Protein chains: 2
Amino acid sequence: MTSGATEERRIAGRGLDRAAVLAAALRSIDRNGAQRLTMRGLGQQLGVQAMSLYRYVSGREDVLEGVVASLLDGLVDRVDPQLSSTWQGYLQTLAHTIRAVAIDHPNAFPLVATRHPAAPWLRPPLRSLEVVDHFLVTLGRFGFNDDQVVQVYRSFSSFLLGHLLLEASLHGGETSPVEEPIDEGDAHFPSSDGTLELPPGSEVLRLQSKLSEDHGHEEFEMSLETLLDRLELGVTQ
Amino acid sequence: MTSGATEERRIAGRGLDRAAVLAAALRSIDRNGAQRLTMRGLGQQLGVQAMSLYRYVSGREDVLEGVVASLLDGLVDRVDPQLSSTWQGYLQTLAHTIRAVAIDHPNAFPLVATRHPAAPWLRPPLRSLEVVDHFLVTLGRFGFNDDQVVQVYRSFSSFLLGHLLLEASLHGGETSPVEEPIDEGDAHFPSSDGTLELPPGSEVLRLQSKLSEDHGHEEFEMSLETLLDRLELGVTQ
DNA sequence: ACCTGAACACCGTTCAAGT
DNA sequence: ACCTGAACACCGTTCAAGT
């Protein structure tokens with residue numbers, strides 16, 4: 001071990017920087033959800049007092065925004081270049097890449113999906129200038145004109161948002177505190193084990209098991225195919 | 001004024017009850033967003049101390065869940081019975097009824113869309129036993145079999161979630177505090193007036209005005225038509 | 001340069017006490 | 001029955017002070 005290396009480590013202190021703070025925040029959100037992320041807890045997780053974090057982030061809001069950015073960062077480098085030789089293939093690999101984020105971070109994805117977009121042209125879940133620009137440029141190269149590019153961008157983002165947020169909210173939710181609403185006649189009745197008690201004879205009760213099946217993957221693939229088919233018609237007609 | 005009426009008013013006290021608390025909470029969320037809803041502020045709005053609210057709600061979480069329920073409450077009575085004579089018409093009027101909720105309460109709709117569903121068969125934004133049951137029963141009456149009903153339910157909810165949350169997040173957002181992230185080279189650059197500064201030459205910059213147009217209504221109508229067409233094919237084939 | 005102690009102005013929630 | 005004062009255990013954030 002050279003004294004240079006030691007020096008380097010000592011200069012770096014605990015090695016704390018913005019990326020490390022955001023990484024720790026993401027881990028915490030993955031475990032407990034964004035609601036339970038506190039600056040004090042985040043500091044503790046990094047072996048430091050909460051106040052130290054303000055050297056790297058401007059506050060809790062900046063942490064959350066930074067986590068969103070870190071999830072989308074470098075996303076365009078993860079799309080499959082092989083598949084990107086057609087616009088259909090590009091949209092497919094891009095969709096799958098973003099879906100991977102939602103599946104890997106179901107508790108963080110709602111942030112990507114619902115935080116107020118910084119600009120109207122940053123439609124969730126494509127909340128990244130880098131991603132949106134790549135999208136627009138790529139479709140333009142495939143021969144879409146401006147109106148078509150924008151139209152595809154709109155349908156594509158709505159499609160992703162609906163499917164991925166739904167999938168994330170079914171997967172996520174972790175150990176949510178079982179809350180008993182105060183009894184008020186017509187409310188639904190969460191029973192003591194946290195599951196909803198269904199009124200006898202209701203259609204939901206009869207179809208309960210079928211409704212509870214998880215077909216996230218097939219649903220996504222089928223709807224993506226349908227979207228591409230529809231776009232294809234819109235382009236060639 | 002009879003002494004009976006006075007008595008009645010006095011017995012009712014400030015007329016506080018669960019519905020009044022939830023209504024005040026919704027008004028507050030409409031103005032300031034759910035994040036800024038506090039029990040203390042809610043009490044103040046009702047002329048009462050925060051602790052008094054705990055007589056009607058079990059806590060802040062219960063308030064938020066109650067607001068969601070109140071938004072969806074009685075929704076099935078607001079669908080147009082004329083249009084409900086065909087399943088296509090039913091899905092259309094139901095979709096429009098739910099869209100009205102999203103448009104009227106853009107700051108509250110993210111709650112409907114993203115709070116962890118109480119059960120896997122309560123897919124956001126259809127987070128209400130009443131609505132889902134009505135949906136399943138009605139489609140069954142129109143001749144869909146169990147598998148078809150469930151499939152339609154899945155596509156319909158994904159469609160609504162994607163379009164309405166996107167529309168709500170563009171409309172909502174109110175007076176968000178302008179947050180400056182700490183400078184870190186590769187981040188995007190929010191300029192002093194809160195708008196994002198676009199890199200020169202980027203495709204987003206060139207298409208900025210087209211991307212910023214609001215076509216929420218047409219988009220919704222067109223995608224709804226497309227969905228219905230697709231379902232029609234799935235049913236008759 | 002990096003971290004912290006102390007402090008400020010808040011939170012949600014409980015509970016015994018008031019009327 | 002309905003409301004509250006006081007208290008507890010937290011928050012995010014600032015800033016002067018330490019090393």
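Protein chains get the first letters and strands the later ones, always in sequence-line order, with residue 1 at the start of each. Treat the numbers as computed from the prediction; the structure is a model and nothing was measured.
Of all non-hydrogen atoms in B/V112 and B/R127, the two that sit nearest each other are O-CD, 2.5 Å. Of all the heavy atoms in A/D30 and A/N107, the pair that sits closest is O-ND2, 3.1 Å. Between B/G43 and B/L53, the shortest heavy-atom contact is N-CD1, 3.7 Å.
B/L42 comes within contact range of no nucleotide atom at all, as no heavy-atom separation falls under 4.0 Å. As judged by a 4.0 angstrom heavy-atom cut-off over every strand, A/M39 is placed among residues touching the sugar-phosphate backbone only.
In this structure, CZ of B/R60 is placed 18 Å from C1' of C/dT14, rounded to the nearest angstrom. Atom CG of A/D62 and atom P of D/dG12 are 14 Å apart (whole Å). Between the P atom of C/dT4 and the CG atom of A/L46 lies a distance of 11 Å, rounded to the nearest Å. Note: CD (B/Q35) to P (D/dC11) measures 16 Å, nearest angstrom. A straight line from CD of A/Q49 to C1' of D/dA17 spans 15 Å, rounded to a whole angstrom. Regarding B/E61, its CD atom lies at a distance of 17 Å from the P atom of C/dC11, rounded to whole Å. The distance from atom CZ of B/R40 to atom C1' of D/dA6 is 11 Å, rounded to the nearest whole Å. Rounded to whole angstrom, the span from the CE atom of B/M51 across to the C1' atom of D/dA6 amounts to 8 Å.
Nearest-nucleotide mapping onto DNA chain C: of A/A50 and B/G41, the residue sitting toward the 5' end is A/A50.
Nucleotide C/dA9 forms a pair with no other nucleotide shown, judged by Watson-Crick or G-U wobble geometry with both contacts under 3.5 Å. Using the Watson-Crick or G-U wobble rule with both distances under 3.5 Å, D/dG18 pairs with C/dC2.
With no hydrogens or angles considered, a side-chain donor-acceptor pair links A/S158 and A/R123 at under 3.5 Å.
Distances shorter than 4.0 Å separate none of the side-chain N or O atoms of A/S52 from OP1 or OP2 on C/dC2. Residue A/Y56 places no side-chain N or O under 4.0 Å from the OP1 or OP2 atom of C/dA1.
A tilted orientation is assigned to the rings of A/H96 and A/F220, their planes being inclined by 30° to 60°.
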